[in-house]
Engineer: 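My structure is below; once you've seen it, I'll send some questions.
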Amino acid sequence: MSDQSYDPTAVEAKWQARWAERHTNEPDLDNAERPFYNLMMYPYPSAEGLHVGNFYAFTGADVHGRFRRLQGYDVFEPMGYDAFGIHSENYALKVGINPAELIPRNIANFRRQLKALGAMFDWRHELSTTDPSYYRWTQWIFLKLFEAGQAYKKKAAVNWCPTDKTVLANEQVIAGACERCGTMVEQRFLEQWFFRITDYADRLLANLDDPSKMDWSPSTSSAQRNWIGRSDGAHVDFATHTGPIRVFTTRPDTLFGATFMVLAPEHPLVDALTAPAEKAQVEAYRLAAAKQDIVSRKIGDKEKTGVFTGGHAINPATGESVQVWIADYVLMEYGTGAIMAVPGHDERDFAFARKYKLPIVRVLASADEDGSTPLEEAAPDVEGGHLVNSGPFSGMPEAQGFAEIVSWLEREGKGKGVAQYRLHDWCISRQRYWGPPIPIIYCTDCGAVPVPEKDLPVLLPALEDFRPDDSGVSPLARSTEWYNVPCPKCGKPAHRETDVSDTFLDSAWYHLRYLSTEFADRPFDPHRVKKWLPVATYIGGNEHAVLHLLYARFVCMVLHDQGYLPFDEPYRKFRAHGIIVKDGAKMSKSRGNVVVPDQYIARWGADTFRMYLMFLGPFEEGGDFRDEGLAGPRRFLDKVWDLVEQCERQTLMGVELRHEIVVKWHQTKKKVTTGLESLSYNTAIAALMELMNALRASNCAAREIVKDVIVMLAPFAPHFAEECWERLGRETSVFEAKWPTWDEGLTLELRIDVPVQVNGKTRGKITVQRGAKEDDVVAAALRDEAVRRFIDGQRIKKRVWVQDRLLNLVVG
RNA sequence: GCCCGAGUGGCGGAAUGGCAGACGCAGCGGACUCAAAAUCCGCCGGGGGGCGACCCCCGUGCGAGUUCGACUCUCGCCUCGGGCACCA
């Protein structure tokens, strides 16, 4: 290869073939000594192929995996396909081809692209969620959750997308519209399977703050906290003639200011409370509220409306009778579906009270007030506030009032302190075709019977017509020979559940399956689980912060509690990568600025493309993709190529190293290592470029330095590094090499240019030996003409000497 | 409204409280060439001064503060990106 210029196409083809032949990227899963599970989010195999965002994420994760490999870990880096789900099915509907036919084609294209990237995927463990050998175990997981009492069926108001003709999880509804097609969702009532993720709300929250279990990007943890949405407050019972109405409040300290109550229109006590005279208007209001979709109900800034039921309740604190209203700003699905209205200290209640002329009482006042002045607007936060008009609690600071009213309620049996969560149970039913059938059989005698494990998988029947319809029943019901089965318990005629499960159930456990894809008789092998899990590093997009990542944690916890897993958090370290934009704008088909990776790889080579992606900005922040930018990394690789050639020609005598070069070399090893550790790939690459420039400037092609450059380059440009390694006369893969270490002492220069400041402004510079004494430096500084000019005979009041860094003289 | 990020040259971006602008792109000037590309060398935040090696002033979204010293820390704002939101 000598004397030839760098030809990425040839180099990449050669090394990809060798890696496959030599099984370079296939760790021994049973006997690995230092297992390191490097996971990235698997893609859904679209017809368009992988886009640059996928390549960015995968490259960043692969760089990390290759770095760990070079540090001596046995790295397992698998890849697969999230091929079930609405996205795949909708596309199949659009082109009129069964997804079972379409998906393998898309996967073949994805595999081709993934191989071109040159990542260290272990192809022996590739998986697709649509393989019966995979979804058999997805169904098994459903059964385990069912056994644990974590799966249940209920009729519920659900988000129905009229375009996709299916139920959507709350997480899939964005601003009232289907996240996929943008259609406004409607409210429907259907029998659905749910998982009791709310049982785990506190644990899901607590583990986020446990560094021994989780080291996650703050943005991701924060998104999960918001999503779980814990509020601390109290349940309070208000007595009525038909029994108590229970409310949830986060402000028990304002209990004395509760001058009326509001129930959600659907609240079960409304009928009993409504006075005959008010019946007509209550019914009309309830009807109007029911017609609204779930979403527009929740739009916050609209005019408050409501009607009086004619009923009354007793405020347990004041003993006074208060009116009970219904209004659609109170939601049945949060808290108890009923509130105590405190108009003095809640904006919504205030607006409502003003509109319907209900009493407003002030129960909080700031330190210098007695609370006698009427409120002009709601005062939810009173700084340094204390309770007023609150009987025996008057005068107490807010926090104390909160605590004492709660304990008073508990003593009196009229309420108790509780936490409330925003999180809802996870609805996993989908009335669609392209998913794993939920393994349940309905029998008129035995009810919902789980399919016995030996009968798994429940195969998805081949359907000619797999279009969803408006009935709310899955297309699977159309296959009668599939639908009708004997009851596994009693043998009488029964029928299958026709819903399939949510795609997020597939992805909630794929990290468990990768390790054990060759085992047909178990979902995951316990020894491998113990050796390799939890995942050491997981890298992916933050769009999955509250969907996939929360569900995967939940499933892991349940499996742990059932004794299947020895840990309860699946991903020890998670890092969210940034987003790539093109020329400052979001990529979109309509804008025509979508970057298709293939053409860049064809033109520049995968290594240059990888380098550029990792160099264009901090990995966790993303960056701006500009075509011109690829030239930089490519020029850099060309220069390294030439340098390697110089080494090849070099005699064995080597090159005498100047101390500055040695320092630069050691500094680079340190910077690249720490940069890779913290995913600061852009600065790691910059450090390599600097070293390169220094070597060229001093015309120094020292073999031992060039060798290190190649090793440090290997995570970013693996094919290129392998080729250079070979040209340097090495016979094994560069990934068998040891990661370079540095000598801390050699990262420090011998002679240092110390800036001399006068009153904080740099006025001169003196060169000193490292370790120079303060007095000597000051003396030298005072000989400097520029420094003297600024001191100008003034007295030095203070001198600040930072060893080997800086001298600051304060005068005046 | 609440919660997480972020704001630095023409552009992407660097800077454990210690010389702001590393590295790269683009641009400009020069070398090589019949010419162009590639490559190599040099310049490259703004303003001002000096024939010149150089020198001075200003400058990291805005305003205060802490400090010998602030892109970095504190407080108060503004803008952008993301999450949550009639959530009681």
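Every chain is numbered from 1 and lettered A, B, ... according to where its sequence line falls, protein lines coming before strand lines. For clarity, every value in this text was computed on a predicted model and none was experimentally measured.
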Engineer: Applying a 3.5 Å limit to both distances, which nucleotide forms a Watson-Crick or G-U wobble pair with B/C44?
Structural biologist: none
Engineer: Would you call A/Thr59 and A/Met614 a side-chain contact if the rule is heavy atoms closer than 4.5 Å?
Structural biologist: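 A/Thr59 vs A/Met614: side chains touch.
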Engineer: Along nucleotides 20-31 of chain B, 5' to 3', which nucleotides get a B, which get an S, and which get a -, given that the test is a protein heavy-atom distance under 4.0 Å?
Structural biologist: --BBSSS-----
Engineer: If I take atom CZ in residue A/Arg422 and atom P in nucleotide B/G1, what distance separates them, rounded to the nearest angstrom?
Structural biologist: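 For the pair A/Arg422 CZ and B/G1 P, the rounded distance is 20 Å.
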Engineer: Name the closest nucleotide to the A/Thr249 side chain, picking from B/G12, B/A88, B/C55.
Structural biologist: B/A88
Engineer: Taking atom P in both B/U8 and B/C44, compute the distance separating them and give it to the nearest angstrom.
Structural biologist: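 Looking at atom P only, B/U8 and B/C44 are 22 Å apart.
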Engineer: Describe the nucleic acid contact of A/Phe352 in one word from base, sugar-phosphate, nothing, applying a heavy-atom distance below 4.0 Å.
Structural biologist: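 Result for A/Phe352 = nothing.
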Engineer: Should the heavy atoms of other residues, nucleotides or ligands under 6.0 Å from NZ of A/Lys355 be counted, would the total exceed 12?
Structural biologist: yes
Engineer: Can you tell me the distance, in whole Å, between the CG atom of A/Asp804 and the P atom of B/U16?
Structural biologist: 18 Å
Engineer: Does a sphere of radius 6.0 Å around CD in A/Glu785 hold more than 12 heavy atoms from other residues, nucleotides or ligands, not counting ones at 6.0 Å or beyond?
Structural biologist: no
Engineer: In whole Å, measure the gap between the P atoms of B/A36 and B/C28 for me.
Structural biologist: 14 Å
Engineer: Distance criterion of 3.5 Å, no angle test: do you see the side chain of A/Asn808 paired donor-to-acceptor with the base of B/C68?
Structural biologist: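 Indeed, a donor on one side and an acceptor on the other fall under 3.5 Å apart.
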Engineer: Can you name the residues that form a ring-ring contact (aromatic ring centres under 6.0 Å, His included) with A/Phe352, not counting sequence neighbours?
Structural biologist: A/Phe260, A/Trp325, A/Tyr329, A/Tyr356
Engineer: Which nucleotide, in any strand shown, forms a Watson-Crick or G-U wobble pair with B/A31, with both distances under 3.5 Å?
Structural biologist: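 Looking at the geometry, B/A31 pairs with B/U39.
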Engineer: Under 3.5 Å for both donor-acceptor distances, Watson-Crick or wobble: does B/C51 have a partner, and if so which one?
Structural biologist: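 In the structure as shown, B/C51 has no Watson-Crick or wobble partner.
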Engineer: Find the distance between CG (A/Asp346) and OG1 (A/Thr250) and round it off to the nearest 0.5 Å.
Structural biologist: 8.5 Å
Engineer: Any non-hydrogen side-chain atom of A/Val778 less than 4.5 Å from a side-chain atom of A/Arg799?
Structural biologist: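 Yes, at least one pair of side-chain atoms sits under 4.5 Å.
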Engineer: For the pair made of CZ in A/Phe402 and P in B/A88, what is the distance, rounded to whole Å?
Structural biologist: 11 Å
Engineer: Reckon A/Val800 touches a base, only the sugar-phosphate, or nothing at all at heavy-atom distances under 4.0 Å?
Structural biologist: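 Since a base atom lies under 4.0 Å of A/Val800, the category is base.
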Engineer: Please determine whether a side-chain nitrogen or oxygen atom of A/Arg763 lies at a distance below 4.0 Å from atom OP1 or OP2 of B/G69.
Structural biologist: no
Engineer: Measuring only the C1' atom in each nucleotide, how far is B/C62 from B/U79? A whole number of Å is fine.
Structural biologist: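 That atom pair is separated by 10 Å.
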Engineer: With rounding to the closest Å, how many angstrom separate the C1' atoms on B/A14 and B/C4?
Structural biologist: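 Straight-line distance between the two C1' atoms is 24 Å.
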Engineer: Considering only atom C1', compute the distance from B/C23 to B/G29 and round it to an integer number of Å.
Structural biologist: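 Straight-line distance between the two C1' atoms is 23 Å.
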Engineer: Rounded off to whole Å, could you give me the CG-to-C1' distance for the A/Asp346 and B/A85 pair?
Structural biologist: 13 Å
Engineer: Under the 3.5 Å rule, do the base of B/C19 and the side chain of A/Lys765 count as making a donor-acceptor pair?
Structural biologist: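 Result: at least one qualifying N/O pair found.
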Engineer: With respect to the phosphate group of B/A88, does any side-chain polar atom (N or O) of A/Ser231 fall under 4.0 Å of OP1 or OP2?
Structural biologist: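 It does, given that an N or O in the side chain of A/Ser231 lies less than 4.0 Å from OP1 or OP2 of B/A88.
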Engineer: Return no unless some side-chain N or O of A/Arg696 is found under 4.0 Å from OP1 or OP2 of B/C40.
Structural biologist: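 Answer is yes, contact under 4.0 Å.
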Engineer: Which nucleotide in the set B/U16, B/C19, B/C4 lies at the smallest distance from any side-chain heavy atom of A/Ser219?
Structural biologist: B/C4
Engineer: Heavy-atom nearest nucleotide on RNA chain B for A/Asp638 versus A/Ala786: which residue maps closer to 5'?
Structural biologist: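 The residue whose closest nucleotide sits nearer the 5' end is A/Asp638.
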Engineer: Between B/G24 and B/C87, how many Å separate the two C1' atoms, rounded to a whole number?
Structural biologist: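 48 Å, rounded to whole Å.
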Engineer: Is the A/Phe619 ring parallel, tilted or perpendicular to the A/Tyr681 ring (thresholds 30°, 60°)?
Structural biologist: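 Because their plane-to-plane angle lies in the 30° to 60° range, the rings of A/Phe619 and A/Tyr681 count as tilted.
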Engineer: Whole angstrom is fine here: how far is it from CG in A/Asn226 over to C1' in B/G5?
Structural biologist: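 Between C1' of B/G5 and CG of A/Asn226: 13 Å.
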Engineer: Less than 3.5 Å between a donor and an acceptor, one on the side chain of A/Lys797 and one on the base of B/C68, is that the case here?
Structural biologist: no
Engineer: Taking B/G18 as the reference, what is the distance to B/U74 when you measure between their P atoms (whole Å, please)?
Structural biologist: 15 Å
Engineer: If only side-chain N and O atoms of A/Arg225 are considered, is one of them under 4.0 Å from the OP1 or OP2 phosphate oxygen of B/G83?
Structural biologist: no
Engineer: Would you mind reading off the distance between A/Arg634 atom CZ and B/A37 atom C1', rounded to a whole angstrom?
Structural biologist: 15 Å
Engineer: Between A/Thr220 and A/Gly623, who's closer to the 5' end of RNA chain B by nearest nucleotide?
Structural biologist: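 In this pair, the answer is A/Thr220.
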Engineer: What does B/G17 pair with, Watson-Crick or G-U, if both distances are under 3.5 Å?
Structural biologist: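 Base-paired to nothing in any strand shown.
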Engineer: Go ahead and name the base partner of B/C77; Watson-Crick or wobble counts if both distances stay under 3.5 Å, otherwise write none.
Structural biologist: B/G61
Engineer: Between B/G7 and B/G13, how far apart are the two P atoms, rounded to whole Å?
Structural biologist: 9 Å
Engineer: So what does A/Arg799 touch, heavy atoms closer than 4.0 Å: a base, only the sugar-phosphate, or nothing?
Structural biologist: nothing
Engineer: Using the purine O4'-C1'-N9-C4 or pyrimidine O4'-C1'-N1-C2 torsion, is B/G9 syn (within 90° of 0) or anti?
Structural biologist: syn
Engineer: Determine whether more than 12 heavy atoms belonging to other residues, nucleotides or ligands lie under 6.0 Å from atom CD of A/Glu677.
Structural biologist: yes
Engineer: Does the plane of the ring in A/Tyr334 sit parallel, tilted or perpendicular to the ring in A/Phe248? Use 30° and 60° as the thresholds.
Structural biologist: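 The rings of A/Tyr334 and A/Phe248 stand perpendicular, inter-plane angle above 60°.
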Engineer: Atom CG of A/Leu688 to atom P of B/A14: distance rounded to whole Å?
Structural biologist: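 To the nearest whole Å, that distance equals 16 Å.
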Engineer: Given B/C58, is OP1 or OP2 found less than 4.0 Å from the side-chain N or O atoms of A/Lys761?
Structural biologist: yes
Engineer: With sequence neighbours left out, write down each residue that passes side-chain contact (heavy atoms from CB on, under 4.5 Å) with A/Asp215, or none if nothing qualifies.
Structural biologist: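 A/Asp215 satisfies side-chain contact (heavy atoms from CB on, under 4.5 Å) with A/Lys573, A/Arg575 only.
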Engineer: From OH of A/Tyr421 over to P of B/A85, roughly how many Å is that when rounded to an integer?
Structural biologist: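 Going from OH in A/Tyr421 over to P in B/A85 covers 17 Å.
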